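The block underneath contains the structure these notes are about, expressed in C-alpha cells.
The basis for the numbers below is simple: all heavy atoms, side chains too, and nothing from hydrogens, waters or symmetry mates. A note on names: the letters A, B, ... follow the listed sequences, proteins ahead of strands, and every chain is numbered from 1. Please read these numbers as outputs of a predicted model, since none were measured by experiment.
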Number of protein chains: 2
Amino acid sequence: MNIGEIAKRAGVSRSTVSYALSGKRSVSEETRRKIQQVIDELGYRPNASARALANGRTSTIGLVFPPAGNHYTGMQLDFIGSVVEAAAAYDYDVLLSPSGVDSDRSFQRLLAERRVDGAILMEIRLQDDRVDHLGEANFPAVCIGRTASSDGDWWVGLDHTALVAACVHHLADLGHRRIAFVNRPEHLLRAGYESAHRGLDGFTKAAAERGLTTRTYCCGDDAPSGQTCLERILHDDPATTALVTLNEAALGGLYRGLSVAGRHVPRDFSVTGVVAGRWAETVTPQLTAADVPAEQMGRLAVELLVERLDHPDATPRHHLLAPPISLRASTGPAHAGTDLRSGSDD
Amino acid sequence: MNIGEIAKRAGVSRSTVSYALSGKRSVSEETRRKIQQVIDELGYRPNASARALANGRTSTIGLVFPPAGNHYTGMQLDFIGSVVEAAAAYDYDVLLSPSGVDSDRSFQRLLAERRVDGAILMEIRLQDDRVDHLGEANFPAVCIGRTASSDGDWWVGLDHTALVAACVHHLADLGHRRIAFVNRPEHLLRAGYESAHRGLDGFTKAAAERGLTTRTYCCGDDAPSGQTCLERILHDDPATTALVTLNEAALGGLYRGLSVAGRHVPRDFSVTGVVAGRWAETVTPQLTAADVPAEQMGRLAVELLVERLDHPDATPRHHLLAPPISLRASTGPAHAGTDLRSGSDD
DNA sequence: CTCCTTCGTCGAACCGGTTCGAACACGAGC
DNA sequence: GCTCGTGTTCGAACCGGTTCGACGAAGGAG
C-alpha cells in the first residue's frame with residue numbers, strides 16, 4: 001500500500017500520483033479521478049517518514065517541558081493542551097521532550113536527529129543554555145518566557161514583574177502594610193527561573209514604592225510545602241495580613257495553613273497572586289489573582305513558531321502579556337492596620 | 001553531515017559506517033576508532049526520518065488523549081508526565097494526539113501515515129470505536145481503562161467498581177445512611193466512559209448491599225459545576241451526610257458548596273472518592289480517597305506497549321489496579337443519623 | 001503545412017539511512 | 001599446494017516518497 005501500488009492500479013507512474021496529491025503540477029481531470037478512486041478504495045495515506053525524508057520537513061514540533069520530578073502545575077497542563085490543539089490546526093503534530101537531568105540526550109534527539117521542524121521551550125531561565133544553543137544553531141524555536149538577553153529571540157511571556165507589582169498595589173490600596181511573597185521552590189530560583197526572579201523583582205520594587213514591610217519565601221510545588229510555608233510566615237511575623245504568590249501548586253496548602261491558624265480569608269488575611277484562572281476558582285474563597293492565560297499563550301506560541309517556520313528570515317517577534325487582576329473573593333481591606341489608607345474605589 | 005560524509009572522511013564505505021554504529025556486523029577495532037573520531041568531530045547523528053524509513057520503526061509512541069475542550073484533570077497531567085519519562089527510558093519519543101471532535105483525522109495521521117510504532121489510549125469508553133479499529137488492524141496499542149469486551153486487549157486500568165464500592169463501605173461503616181454520588185459530566189456518561197459507568201455500578205451495588213439511601217449526580221469537570229452540584233444535592237435531600245466522587249476537577253467546588261451551606265467537613269458531612277493523591281492533598285480538610293496511581297499507570301502502560309512492540313505475537317496482558325483508600329481528614333462518623341451503626345475500629 | 005507553446009505524463013535521480021550478497025585477504029587444515 | 005572458513009569491507013538495492021528534465025500530443029500562430 002505505497003505510492004507505487006497506487007500508481008500501478010491506476011495505470012500511471014508514481015510521479016503522477018504524487019503530483020495528483022500535491023497539486024504541484026497539473027494533472028488531467030480524468031487521471032486525477034482515477035487515482036483518487038484507487039486511493040479511496042485502498043485507504044492509502046502517504047508514509048510520514050518517507051515524506052519527511054524527501055522534503056526535509058517532519059510536520060512535527062517539539063515541546064520541551066520540565067521534568068516529571070517537578071510536580072506539574074495546572075497551568076502547564078492547560079498550556080500543553082492548547083499547544084497540541086493549535087498545532088493540529090496547522091497540521092503539525094507535537095512531540096514531547098522532557099528536559100530532565102540529562103536534558104542533553106533528549107534535546108539531541110529532537111534537534112540533531114531532525115525529529116522536529118521547530119520547538120517550543122517551557123520554563124525558561126534567565127540564563128538558559130538551551131536557548132543559547134538553539135540561537136547559535138538558528139534553530140526555529142519559541143520560548144515561553146524570556147531570558148535576560150532576549151533581543152534576538154522569539155518568545156511569548158508573562159510580565160511577571162508587572163503582574164506581581166499589580167498584586168502588591170492591590171493589597172496596598174486595601175491598606176495592607178505587612179505582606180509576604182511566596183515564590184517557587186528555592187532550587188528553581190537558584191537555577192535562575194525567569195518567573196521566580198522577575199516576580200520577586202516586581203514584588204520588591206512595588207513594596208518599596210509603597211513603603212511596605214515585607215518578607216519573601218521560597219516554597220515547594222505542593223500543598224504540604226504551602227502549609228509549612230504559611231506557618232513560617234505567621235511565625236516570623238504574626239502581624240502579616242496578606243500574601244502574594246506565584247506558586248499555584250502550593251495554593252491549597254497556604255489556604256490550609258491559614259485555616260489552621262484561625263485566620264479567615266479575606267477578613268483576617270488577604271491572598272492574591274498569579275495563577276491560572278481555572279485553578280484560582282478551585283479554592284474557597286476564590287482567589288483574586290492575575291489569571292495566567294495559559295491557553296492563549298499556547299496558541300500564540302504555536303502561531304509564532306509556524307510563522308517562523310514559514311518565513312525563516314522573518315525578524316524575531318514576541319508577545320508580552322499582562323492580564324488584569326480578576327477580583328474574586330480572597331482579598332479585602334486590612335482591618336487592624338496601624339496606618340490604614342483607604343482603598344481606591346471598590 | 002550525513003552518513004556519506006562521515007564515510008568519505010573516514011575513508012570507508014557508507015555501509016561500514018552503518019555497521020560500526022549498529023554493531024550488526026563486526027568492524028575492525030581500527031576502523032571503528034577512526035569512524036568514531038570523525039563522528040565526534042562533526043557531531044554527527046543519524047537522521048531519524050531516514051532511519052525510520054529504512055527499518056520501519058519510528059521509535060515513537062502515540063499518546064491519544066482527550067480533547068482540550070474538556071478540562072484536564074490533575075491525574076491526566078501526572079499520567080502524561082510519567083508516560084513521557086518511562087518512554088524516554090526505553091528510547092521512545094512521545095507524540096501527542098488529541099482525540100477531538102474529528103478524532104479521525106489525527107488518528108489517521110498517527111496510524112495510516114506510520115508516525116508511531118504503537119499507541120497508548122486514554123479515556124476509554126465501554127464501546128470504543130478506536131479500540132475496535134486498532135484491534136482489527138492488530139495495531140500495537142495499550143488502553144488506559146478497559147472496554148466492555150476487553151479480552152483480546154492490552155490495558156492497564158483502575159478497578160473503579162471496587163474502588164467506589166470501597167468508598168461506599170467506608171462511609172457505611174462510619175454510619176452514613178444517605179449518601180450521594182458525584183460522577184463525571186453527563187455527556188461523558190452518555191458517551192460510555194468507562195470510569196463513569198463502572199464507578200456508578202460500584203456505587204449502586206455497594207449501596208444496595210448496605211441498604212443505603214442514595215442519589216447520583218453528573219457534574220461538570222470544573223469547580224463552579226461542583227458547587228452547583230452540591231447545592232442540588234442538599235436541596236434534593238437535606239439529610240444527605242456524605243458523598244463519593246470520581247470528579248477530581250469538581251472537588252474544590254464541592255467543598256465550597258459545603259462551606260457555603262454551613263456544613264463542616266468532616267463533622268457534618270463526609271467526602272471521599274477516587275482522586276490522585278497529590279490533588280487530594282490540596283483541599284482542606286485533605287481528602288480521604290482511593291489515590292489514583294497515575295504515575296504507576298503511565299509506567300505500566302509504557303512497559304506493556306514496549307513488550308508488545310518487542311514481541312508482536314505475545315499474548316495480551318493487562319494490569320487491574322485497586323489502590324487502597326488513604327485515610328486523611330475528610331470523613332468521619334455520621335453523628336445525627338437515625339440508624340447509626342457503629343464504625344469498625346477507628 | 002510548419003513551428004512553437006502548453007499540457008499531461010513518464011523515467012530517473014535523490015533524500016539518508018539499512019541490509020544483503022559478494023569479494024578479498026589471511027591463516028588453518030589436509 | 002589447494003581448499004576452506006573467517007573476519008572485514010564494499011557496492012548495490014531498497015525503504016516510500018518528491019522533484020526535475022524530457023518527451024509526445026494537441027492546439028494556436030504564422
* Step by step, work out the salt bridge (Lys or Arg N to Asp or Glu O under 4.0 Å) result for R32(A) and E29(A). => CA-CA 5 Å; R32(A) 182 194 308 283; E29(A) 190 49 37; 3.8 Å; yes
### Side-chain (R308(A)) to main-chain (A141(A)) donor-acceptor, under 3.5 angstrom
yes
Discussion item. Closer than 3.5 angstrom, by distance alone: can the side chain of S150(B) be matched with the main-chain N or O of D153(B) as a donor-acceptor pair?
Written reply: no
So, is [X] close to the [N] phosphate, meaning a side-chain N or O under 4.0 Å from OP1 or OP2?
| X | N | answer |
| --- | --- | --- |
| S26(B) | dT8(D) | yes |
| T16(A) | dT9(C) | no |
| T31(B) | dT8(D) | no |

Separation of [N] [atom2] from [X] [atom1] (nearest whole Å):
| X | N | atom1 | atom2 | value |
| --- | --- | --- | --- | --- |
| Y19(B) | dG17(C) | OH | P | 15 Å |
| R115(A) | dG16(C) | CZ | C1' | 14 Å |
| E5(A) | dC14(D) | CD | P | 16 Å |
| I6(A) | dG17(D) | CD1 | C1' | 13 Å |
| E29(B) | dT9(D) | CD | C1' | 16 Å |
| R25(A) | dT18(D) | CZ | P | 13 Å |
| K24(B) | dT9(D) | NZ | C1' | 18 Å |
| L21(B) | dT18(C) | CG | P | 7 Å |

Check: Do R299(A) and E295(A) meet the salt-bridge criterion of a basic N to acidic O distance under 4.0 Å?
Finding: no
Is the shortest side-chain N to carboxylate O distance from E30(B) to K34(B) below 4.0 Å?
no
Q) Any side-chain heavy atom of D91(A) sitting closer than 4.5 Å to one from S59(A)? A) no
Requested in this report: Assign S22(B) to base, sugar-phosphate, or nothing according to its heavy-atom contacts below 4.0 angstrom with the strands shown.
Outcome: nothing
Nucleotide nearest [X] (side chain, heavy atoms from C-beta), chosen from [options]:
| X | options | value |
| --- | --- | --- |
| S18(A) | dT18(D), dC7(C), dT9(C) | dT18(D) |
| I3(A) | dT18(C), dC10(D), dT18(D) | dT18(D) |
| S15(A) | dC20(D), dC7(C), dT19(C) | dC20(D) |

When R114(A) and V27(A) are each assigned the nearest nucleotide of DNA chain C, the 5'-most assignment goes to V27(A)
Numerically ordered, the residues 35-62 of chain B set in heavy-atom contact under 4.0 Å with DNA chain D is L53(B), A54(B)
Between N2(A) and E30(B), whichever has its closest DNA chain D nucleotide further toward 5' is E30(B)
* Asked: Above 12 or not: heavy atoms from other molecules or residues under 6.0 Å from CZ of R114(A)?
  -> no
